[in-house]
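Worksheet: the structure to be examined is printed underneath.
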Amino acid sequence: MKAFNHENAKTLAEARNALAGGKTEIIAGGTDLIGRLKDNVLPDKMYPATLINIKTVTPSLDYIKEEAGVLKIGATTRLADIASSQAIFQKYTALAQAASRVATPHVRDMGTIGGNIAQLHRCWYFRKPENRFDCIRKGGTTCFAMMGDNRYHSIFGNVNKCIAVHPSDIAPALIALNASVVTNMRKINAENFFDVKFPSNTVLGIGEIIMEIQVPMPPAGAKSAFMKFAIRKSIDFPIVNCAVMVGGGAARIALNAVAPKPYRATKAEAAIAGKPINEATAEAAGSAAMEDAKPLAATKYKVQIAKTLVKRALLAANA
Ligand SMILES: Cc1cc2nc3c(=O)[nH]c(=O)nc-3n(C[C@H](O)[C@H](O)[C@H](O)COP(=O)(O)OP(=O)(O)OC[C@H]3O[C@@H](n4cnc5c(N)ncnc54)[C@H](O)[C@@H]3O)c2cc1C
Ligand code: SF4
């Protein structure tokens, strides 16, 4: 592992100034970043010289509060605190359920909500130690997954020639709950926060820091739920996950690990709009969610999993 300077930012302004100079990257829990740096995943030119810790800033970004009907979660709030918050579970159920399904207790104790939505993808060619596959997401010309083993990759094609899926469990919950990401520069609807860049997975610009997640109170009568399919119950990233919010006029359905960006299933939403949720309508929504799927030979199995998760999440929210 290369050597890094590690600085504890005292204020957000200090962190922003450090980032503006380039060659500096934010560190929060470090559960994504440190592994990536330790394994020398990226080309040398993409390595930071300094890690700037934002868990030390005052005022702290570690909080969960409700103000004027909006749930506000500071960026450095740990996933464990979100998973165990009764206030979040009661009104924003999908988010608490999603947080509780991330990884393991240890990762949830270290990992933050800001880091979770800014984490990089898990494509095994991309993550291979010592930068053995200089793929398109690192500035190369080849997508090795397209030619190789892509069993965990996209079922909705590529974005910018990359078929790696977005791995976050938190992202679809935020989209289903119509949340926003507040940075030191702007407020972004969660649905528009994700991108496929070189190598980032967000629309964040240089010097831009996630400060807070804002989730509006669901409409009266609306309920939400999160479902995940993974190889093992604990530690594994999703093969597919799904979050929904239905009732009270709401019909929002989001999936992840099916495309390079979290996927809003608008056709499924249209299929249930104005209808009661039952076995038949939930199943029809699952099929509608997959209407535009174009799986690879090795990812066809994910289509049935996604259909089933949409159905089960709708029935769970409606229970
Ligand atoms: C073994 C293992 C299993 C996992 N399983 C799952 C899983 O099942 N589901 C799932 O969703 N995730 C999973 N993860 C990913 C994990 O949830 C993330 O690593 C974690 O949430 C990242 O948070 P962090 O605070 O540790 O981020 P860090 O590692 O500190 O940072 C990650 C990235 O986000 C950037 N960043 C962090 N905070 C901010 C901010 N406030 N503003 C701007 N940029 C920021 C950093 O610069 C870095 O690029 C797993 C990770 C591991 C190691
Ligand atoms: S899927 Fe994306 S990250 Fe993986 S090898 Fe292809 S371009 Fe690289």
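Start at 1 and go down the list; that is how both ligands and their atoms are numbered. Every value quoted in this text rests on a predicted model; they were computed, and no experiment measured them.
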Worksheet, complete the sentence: Ranking N184, I170, L37, D169 by closest non-hydrogen atom to atom 11 (O) of ligand 1, top hit is D169
Discussion item. Please evaluate residues N40 and Y47 with respect to the criterion side-chain contact (heavy atoms from CB on, under 4.5 Å), reporting the C-alpha separation (whole Å), side-chain torsions for both, the decisive distance (0.1 Å), and the verdict.
Written reply: CA-CA 9 Å; N40 285 327; Y47 267 79; 3.8 Å; yes
Item to complete: Using a 4.0 Å heavy-atom cut-off, say whether A28 meets ligand 1 through its side chain, its backbone, both or neither.
Response: both
Discussion item. With the threshold set at under 4.0 angstrom, would you say P167 reaches ligand 1 through any of its heavy atoms?
Written reply: yes
Worksheet item: Under a single-linkage definition using a 4.5 Å side-chain heavy-atom cutoff for Ile, Leu, Val, Met, Phe, Trp and Tyr, are I188 and I210 assigned to the same hydrophobic cluster?
Response: yes
Discussion item. I need the nearest protein heavy-atom contact for atom 34 (O) of ligand 1: residue, atom name and distance, please.
Written reply: A118 CB, 3.3 Å
Worksheet item: For ligand 1, which atoms have a heavy atom of T112 less than 4.0 angstrom away?
Response: 21 (O), 23 (O), 24 (P), 25 (O)
Practice prompt. Just need the protein heavy atom nearest to atom 51 (C) of ligand 1, so name the residue and atom and give the distance.
Written response: F237 CZ, 3.7 Å
Worksheet item: Short N/O distance, under 3.5 Å, between R122 and ligand 1?
Response: no
Fill in: Heteroatom proximity flag, I34 to ligand 1, N/O under 3.5 Å
no
Practice prompt. Mind telling me whether Y125 and F133 have parallel, tilted or perpendicular rings, with 30° and 60° as the class edges?
Written response: perpendicular
Worksheet, complete the sentence: Of L95, L174, T112, the one forming a side chain to side chain contact (heavy atoms under 4.5 Å, CB included) with I73 is L95
Response to the item:
Within the 2.8 Å cut-off the protein N, O or S neighbours of atom 6 (Fe) of ligand 2 are C143 SG
Item to complete: Would you mind telling me if ligand 1 is within reach of the side chain of E212, the backbone, both or neither, using heavy atoms under 4.0 Å?
Response: neither
Discussion item. I'd like to check V196 versus R137 (side-chain heavy atoms, cut-off strictly below 4.5 Å). Are they in contact?
Written reply: yes
Worksheet item: Counting only heavy atoms, which portion of L79 has something under 4.0 Å from ligand 1: side chain, backbone, both, or neither?
Response: side chain
Item to complete: Report yes if some N/O of S168 lies less than 3.5 Å from some N/O of ligand 1; otherwise report no.
Response: no
Discussion item. Quick one about N201 and H121 (side-chain donor to acceptor, distance below 3.5 Å, no hydrogens or angles considered), yes or no?
Written reply: yes
Worksheet item: Any side-chain donor-acceptor pair under 3.5 Å between S287 and E291?
Response: no
Discussion item. On a heavy-atom basis, I'd like to know which of T76, L33, I210 is closest to atom 40 (C) of ligand 1.
Written reply: I210
Fill in: Close-contact set for ligand 1 against I54 heavy atoms, below 4.0 Å
40 (C), 41 (N)
Discussion item. Tell me the contacting part of L120 for ligand 1: side chain, backbone, both, or neither, using a 4.0 Å heavy-atom threshold, strictly below.
Written reply: neither
Item to complete: Number the atoms of ligand 2 from 1 as they appear, then name those within less than 4.0 Å of a heavy atom of H121, with their elements.
Response: 3 (S)
Worksheet item: Is K138 salt-bridged to D134, going by a charged N under 4.0 Å from an acidic O?
Response: no
Practice prompt. Could you please spell out the steps behind the salt bridge (charged side-chain N to carboxylate O under 4.0 Å, His left out) verdict for E283 and K307?
Written response: CA-CA 7 Å; E283 180 140 355; K307 278 184 190 173; over 6 Å; no
Worksheet item: Can you find a non-hydrogen atom of R78 under 4.0 Å from ligand 1?
Response: no
Worksheet entry | Side chains of N256 and S168 in contact at under 4.5 Å (non-hydrogen atoms) | yes
Worksheet item: So between G30, A15, P199, whose heavy atom ends up nearest atom 30 (O) of ligand 1?
Response: G30
Worksheet item: Just distances here: any N/O of D32 and N/O of ligand 1 closer than 3.5 Å?
Response: yes
Worksheet item: Considering only heavy atoms of A75, which atoms of ligand 1 have at least one such atom less than 4.0 Å away?
Response: 41 (N)
Item to complete: Mark up the atoms of ligand 1 that fall under 4.0 Å of a heavy atom belonging to L204, in ascending order.
Response: 43 (C)
Worksheet item: Does the pair D81 and K65 meet the rule for a salt bridge (charged side-chain N to carboxylate O under 4.0 Å, His left out), with working shown?
Response: CA-CA 12 Å; D81 294 330; K65 60 189 177 191; over 6 Å; no
Fill in: Any side-chain heavy-atom pair of T24 and P48 under 4.5 Å
no
Fill in: Partner of N8 under side chain to side chain contact (heavy atoms under 4.5 Å, CB included), chosen from N53, I52, L51
N53
Item to complete: Of the side chain and backbone of R36, name the one, both, or neither that has a heavy atom under 4.0 Å from an atom of ligand 1.
Response: side chain
Worksheet item: Under 4.0 Å between a Lys/Arg side-chain N and an Asp/Glu carboxylate O for D292 and R264?
Response: no
Item to complete: Please tell me if the side chains of H153 and W124 come closer than 4.5 Å, counting only heavy atoms from C-beta onward.
Response: yes
Worksheet, complete the sentence: G29 heavy atoms within 4.0 Å reach ligand 1 at atoms 24 (P), 25 (O), 26 (O), 30 (O)
Discussion item. Regarding D39 and R132, does a basic nitrogen lie under 4.0 Å from an acidic carboxylate oxygen?
Written reply: no
Worksheet item: Under the salt bridge (charged side-chain N to carboxylate O under 4.0 Å, His left out) criterion, do D62 and R78 qualify, and how do the steps go?
Response: CA-CA 8 Å; D62 179 2; R78 297 169 321 138; 5.4 Å; no
Discussion item. Quick test: of every protein heavy atom, which one is nearest to atom 52 (C) of ligand 1, and how far off is it to 0.1 Å?
Written reply: V107 CG2, 4.1 Å
Worksheet item: Counting from 1, what ligand 1 atoms have a heavy atom of E25 closer than 4.0 Å?
Response: 47 (O), 48 (C), 49 (O)
Worksheet item: For ligand 1, which atoms, with element, lie under 4.0 Å from some heavy atom of D236?
Response: 8 (O)
Item to complete: Answer yes or no: is there a side-chain heavy-atom contact under 4.5 Å between V165 and V258?
Response: no
Worksheet item: What protein heavy atom sits nearest atom 20 (C) of ligand 1, and how far away is it?
Response: T31 OG1, 3.1 Å
Item to complete: Report the nearest protein non-hydrogen atom to atom 45 (C) of ligand 1: residue, atom name, distance rounded to 0.1 Å.
Response: I26 CG2, 3.9 Å
Worksheet item: For atom 8 (O) of ligand 1, what is the nearest protein heavy atom, given as residue, atom name and distance?
Response: K228 NZ, 2.8 Å
Worksheet item: Where does A230 meet ligand 1, judged by heavy-atom distances below 4.0 Å: at the side chain, the backbone, both, or neither?
Response: neither
Worksheet item: For I253 and A268, which heavy atoms make the closest approach, and how far apart are they?
Response: CD1-CB, 3.7 Å
Worksheet entry | Nearest protein heavy atom with distance in Å, relative to atom 1 (C) of ligand 1 | I235 CG1, 4.0 Å
Item to complete: Record the part of L61 in heavy-atom contact with ligand 1 below 4.0 Å; permitted values are side chain, backbone, both and neither.
Response: neither
Worksheet item: Yes or no on side-chain contact (heavy atoms from CB on, under 4.5 Å) for I213 and I117, after CA distance, side-chain angles and deciding distance?
Response: CA-CA 10 Å; I213 307 299; I117 59 172; 3.8 Å; yes
Discussion item. I need the single residue from V246, V310, N318 that forms a side chain to side chain contact (heavy atoms under 4.5 Å, CB included) with I272. Which is it?
Written reply: V246
Worksheet, complete the sentence: Closest to atom 37 (C) of ligand 1 by heavy-atom distance, out of G115, P238, A171, is G115
Worksheet item: Among protein heavy atoms, which sits nearest to atom 17 (O) of ligand 1, and what does the distance come to when rounded to 0.1 Å?
Response: N116 ND2, 3.0 Å
Discussion item. For D32 and N116, which I'm curious about, is there any donor-acceptor pair between the side chains at under 3.5 Å?
Written reply: no
